[in-house]
*Asks:* 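Got a structure for you, written out below as structure tokens; questions coming shortly.
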Number of protein chains: 2
Amino acid sequence: MTNDYPVPDMADVELVDVLRAVADPIRLRIVTVLGDGEPHSKSAPDWGFDVQKSTLAHHFKALREAGITRTIVEGRSHAIQLRRAELDARFPGLVDALTHAGAAAD
Amino acid sequence: MTNDYPVPDMADVELVDVLRAVADPIRLRIVTVLGDGEPHSKSAPDWGFDVQKSTLAHHFKALREAGITRTIVEGRSHAIQLRRAELDARFPGLVDALTHAGAAAD
DNA sequence: AGCATAGTTCGATCGTTATCAAACTATGCA
DNA sequence: TGCATAGTTTGATAACGATCGAACTATGCT
């Protein structure tokens, strides 16, 4: 019941696909917020972007399919979280560079 | 006569624009090659991509306008070079993350 | 001057994608 | 069971961007 929302195997994730995913203002801000490593609710109002919730859902999906995030389902509420350790192993330094060099490895 | 091809002030360069520029297979490979810091000829055959030279010129322009590269004109031949020091100062670790990742997935 | 070479720019095409609104699914609650 | 809530999916639209070929610009060479 938990863990629908499949993520790609990190070994299959290509750098250019990760870059395409974060090369969007909204998705880059999402990743920046996720830089703390914690799960964050997908609740649209919480994010405060000026887009509809369907658009936000589209961005969350893009990040997950690019291998950047995972989705955590708990009841009716979904949270999104960076796949930090895996990303750091596959693309050293990338997440740090994107999130403006905030420390906190895994 | 020399040094047309204007580049943006690095202070005005936004991360998301840099990411959009490198979020393309050809441009990412160009940046990887430019990672040595040296100027490289724009000569299409030298690069060996399977695109026309007009397409390659489009990619060079995209990189320059994103603030990633500069163009060096000498006679009839043009060279392209990473703005490495400026990029490293503005986006610490980014160029390293982009250029070191290719080694794993070849 | 005339011609070749190196690279750019232009105009068109075509695929991709960000966006919205509406319909849908799944869960929790009374 | 019925209803509200949280989020997703679908279908449509519109803008963007990668690509090509052809025309153009600038430089060097004879």
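Letters A, B, ... mirror the listed sequences (proteins, then strands); counts begin at 1.
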*Asks:* Taking the six-membered ring of A:F49, is NZ or CZ of A:K42 closer than 6.0 Å to its centre and within 45° of its axis?
*Replies:* no
*Asks:* May I have the distance from A:H78 (atom NE2) to D:dT8 (atom C1'), rounded to whole angstrom?
*Replies:*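 So the NE2-C1' distance, A:H78 to D:dT8, works out to 8 Å.
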*Asks:* What is the distance, to the nearest angstrom, from the CZ atom on B:R20 to the P atom on C:dA18?
*Replies:*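 Interatomic distance, CZ of B:R20 to P of C:dA18: 10 Å.
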*Asks:* Check each of B:L98, B:L94, B:L82 against B:L87 using the side-chain contact (heavy atoms from CB on, under 4.5 Å) test, and report the only one that passes.
*Replies:* B:L82
*Asks:* When you match A:I26 and A:G75 each to their closest nucleotide on DNA chain C, which lands nearer the 5' end?
*Replies:*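 The answer here is A:I26.
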*Asks:* Starting at atom CG of A:L63, determine the distance to atom C1' of D:dT8, rounded to an integer number of angstrom.
*Replies:*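 Rounded to whole Å, this separation is 15 Å.
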*Asks:* Provide, to the nearest angstrom, the distance between the CG atom belonging to A:D24 and the P atom belonging to C:dT17.
*Replies:* 11 Å
*Asks:* Using only side-chain N and O atoms of A:Q52, determine if any of them is under 4.0 Å from OP1 or OP2 of C:dA21.
*Replies:*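 It does, given that an N or O in the side chain of A:Q52 lies less than 4.0 Å from OP1 or OP2 of C:dA21.
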*Asks:* Once hydrogens and angles are ignored, does a donor-acceptor distance under 3.5 Å link the base of D:dG7 to the side chain of A:K42?
*Replies:* no
*Asks:* Taking atom P of D:dA26 as reference, at what distance in whole Å does atom CD of B:E74 sit?
*Replies:*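 Interatomic distance, CD of B:E74 to P of D:dA26: 19 Å.
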*Asks:* OP1 or OP2 of C:dC20 sitting under 4.0 Å from any side-chain N/O of A:S54?
*Replies:*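 So the side-chain polar atoms of A:S54 never come under 4.0 Å of the phosphate oxygens OP1 or OP2 of C:dC20.
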*Asks:* Quick check on side chain to side chain donor-acceptor pair (under 3.5 Å): which of A:H40, A:E38, A:R70 does A:Q81 satisfy it with?
*Replies:* A:R70
*Asks:* From the options C:dT19, D:dT19, C:dT9, select the nucleotide whose nearest atom is closest to the side chain of A:H58.
*Replies:*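 Taking heavy atoms from C-beta onward, the closest nucleotide is C:dT19.
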*Asks:* Assigning hydrophobic clusters by single linkage (Ile, Leu, Val, Met, Phe, Trp, Tyr; side-chain heavy-atom cutoff under 4.5 Å), is A:I68 placed with A:V7?
*Replies:*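 A:I68 does not cluster with A:V7.
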*Asks:* Could you tell me how far apart A:H59 (NE2) and D:dG7 (C1') are, to the nearest whole angstrom?
*Replies:*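 Interatomic distance, NE2 of A:H59 to C1' of D:dG7: 15 Å.
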*Asks:* Does A:S43 contact D:dA6 through a side-chain donor or acceptor facing the base, at a distance under 3.5 Å?
*Replies:*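 Answer no: no donor N or O sits under 3.5 Å from an acceptor.
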*Asks:* Is the phosphate of D:dG7, meaning OP1 or OP2, less than 4.0 Å from a side-chain N or O of A:S41?
*Replies:*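 Indeed, a polar side-chain atom of A:S41 lies that close.
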*Asks:* Mapping B:R27 and A:K61 onto DNA chain D by nearest heavy atom, which one lands closer to the 5' end?
*Replies:*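 Here A:K61 is the residue nearer the 5' end.
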*Asks:* Starting at atom CG of B:D50, determine the distance to atom C1' of D:dA18, rounded to an integer number of angstrom.
*Replies:*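 One finds 14 Å between C1' of D:dA18 and CG of B:D50, rounded.
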*Asks:* So, for B:T69 and B:F60, which heavy atoms are closest and what is the spacing to 0.1 Å?
*Replies:*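 Here B:T69 and B:F60 meet closest at OG1-O, 4.3 Å.
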*Asks:* State which of C:dA18, D:dA18, D:dA4 makes the closest approach to the side chain of A:R76.
*Replies:*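 Among the listed nucleotides, the one closest to the side chain of A:R76 is D:dA4.
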*Asks:* Taking only the side-chain heavy atoms of B:V51 (C-beta and beyond), determine which of D:dA22, C:dA18, D:dT19 contains the nearest atom.
*Replies:*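 Nucleotide nearest to B:V51's side chain: D:dT19.
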*Asks:* Could you tell me the separation between the CG atom of A:L56 and the P atom of C:dA21, rounded to a whole number of Å?
*Replies:*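 My rounded result for the distance is 15 Å.
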